[in-house]
Amino acid sequence: MNYNVFKLIPILLFSGMMISCNNDDDSSEQMVETEFFPLSVGNYWVYKMYETPNPETDELLFASIIDTVKIKGTTLVDDIQYFVKETKRYNSNILEEESTELIRVNESGHLVAEGGKVLHPGNDIAYTVSQEWMDFVLEYKLEQEFTWNFEGSTFAVMPYVGKPQNEDIVNHPYLEGKKVIYGYQEGIGEVYMSCPAVFGTYLYEMRLVDFHLN
């Protein structure tokens, strides 16, 4: 598996540290309920990773990696209630890594992590944010909803998309067409994520294959 690419992009490029003043969404100090993001203890989602391991083709193949994501409980941080999201990654059915993240929905209807980073703005089409990584500036915003079919299931995906700015594409032509997509369906959660390599044609996707909502 080639990690010298945007497989690290959610950390390195497309969802790296947001430094714009618009990044931290502090419009709420209290958790609110929303039907867009189903956050209840016991909810879980299962994803398969697909990738393009062959640089000569754009065929996406199952990478033998499965992520299980579960809402394990709640906790208070500075008197603000968060849900505890646990992710376990299995490689060829062997547990490879575990991580936890604190998330909540604020009064703007945005799904945010501890510290205010917006993971998805829900239905807020007016929300945009810029982030810097290396010498690039990426802009995130919602794009038009699309229908996505996978393993017999059909999803109405609301894509939160990050793209390089035009001036960066002019100076770095290899960024042309590059974008990361965090796709959520209202009432289900994240159903699809797509992330390309900075250089070359490599791409990987996380695809929802199972879920349970309380």
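Just so it is clear, the values below take in all heavy atoms, side chains as well, and ignore hydrogens, waters and symmetry mates.
Every residue was checked against the salt bridge (Lys or Arg N to Asp or Glu O under 4.0 Å) condition with Glu190, not counting sequence neighbours, and none meets it. In this view, Glu114 satisfies the side-chain hydrogen bond (donor to acceptor under 3.5 Å, both in side chains) rule with no residue, not counting sequence neighbours. Judged as a side-chain hydrogen bond (donor to acceptor under 3.5 Å, both in side chains), and not counting sequence neighbours, the contacts of Asp124 are His110. Qualifying ring-ring contact (aromatic ring centres under 6.0 Å, His included) partners for Tyr184, counting only residues two or more places apart in sequence or in other chains: Phe37, His120. In this structure Glu101 satisfies the salt bridge (Lys or Arg N to Asp or Glu O under 4.0 Å) test together with Lys85, sequence neighbours excluded. Every residue two or more places apart in sequence or in another chain that forms a salt bridge (Lys or Arg N to Asp or Glu O under 4.0 Å) with Glu143 is listed here: Lys163. Evaluation of the side-chain contact (heavy atoms from CB on, under 4.5 Å) rule for Glu186 yields Phe36, Asn123 as partners, not counting sequence neighbours. Contacts of Ile94 classified as side-chain contact (heavy atoms from CB on, under 4.5 Å), with partners at least two apart in sequence or in another chain: none. Here Tyr174 pairs with His172, Phe199 under the ring-ring contact (aromatic ring centres under 6.0 Å, His included) rule; sequence neighbours left out. Applying the side-chain hydrogen bond (donor to acceptor under 3.5 Å, both in side chains) test to Tyr44 and every residue at least two apart in sequence or in another chain returns nothing.
Note that CZ of Arg207 and OH of Tyr192 are 7.0 Å apart. Values are rounded to the nearest 0.5 Å. With rounding to the nearest 0.5 angstrom, the SG atom of Cys195 is 12.5 Å from the CD atom of Glu51. Interatomic distance, CG of Leu76 versus CG of Leu102, reported as 10.5 Å (0.5 Å rounding).
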Which donor-acceptor pairs under 3.5 Å do the side chains of residues 149-159 make with protein atoms, sequence neighbours left out?
residue: Asn149; atom: OD1; partner: Thr154; partner atom: OG1; Å: 2.5
residue: Glu151; atom: OE2; partner: Lys48; partner atom: NZ; Å: 3.2

Can you give me every donor-acceptor pair (side chain of residues 60-70, partner residue at least two apart or in another chain, under 3.5 Å) with its distance?
residue: Asp67; atom: OD1; partner: Arg89; partner atom: NE; Å: 2.7
residue: Asp67; atom: OD1; partner: Arg89; partner atom: NH2; Å: 3.4
residue: Asp67; atom: OD2; partner: Arg89; partner atom: NH2; Å: 2.8

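When all heavy atoms of Leu111 and Leu39 are compared, the closest pair comes out as CD1-CD1, 4.0 Å. The two atoms that bring Thr201 and Thr52 nearest to each other are O-OG1, 3.6 Å, heavy atoms only. In this structure, Gly189 and Pro38 approach most closely via the heavy-atom pair N-CD, 3.9 Å.
A cation-pi arrangement, defined by a distance under 6.0 Å to the six-membered ring centre and an angle within 45 degrees of its axis, is absent between Arg104 and Phe83.
More than 12 non-hydrogen atoms from other residues, nucleotides or ligands lie less than 6.0 angstrom from CG of Asn214. No more than 12 heavy atoms of other residues, nucleotides or ligands lie within 6.0 Å of CD in Gln144, so this atom counts as exposed by the packing criterion.
Side-chain atoms of Asn43 and Phe211, non-hydrogen and from C-beta on, never get closer than 4.5 Å to each other.
No donor-acceptor contact under 3.5 angstrom links the side chains of Glu96 and Tyr90, judged on distance only.
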Working for side chain to side chain contact (heavy atoms under 4.5 Å, CB included), residues Phe136 and Gln165
CA-CA 8 Å; Phe136 312 133; Gln165 292 185 326; over 6 Å; no

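The aromatic rings of Tyr182 and Tyr160 sit tilted, their planes meeting at an angle between 30° and 60°.
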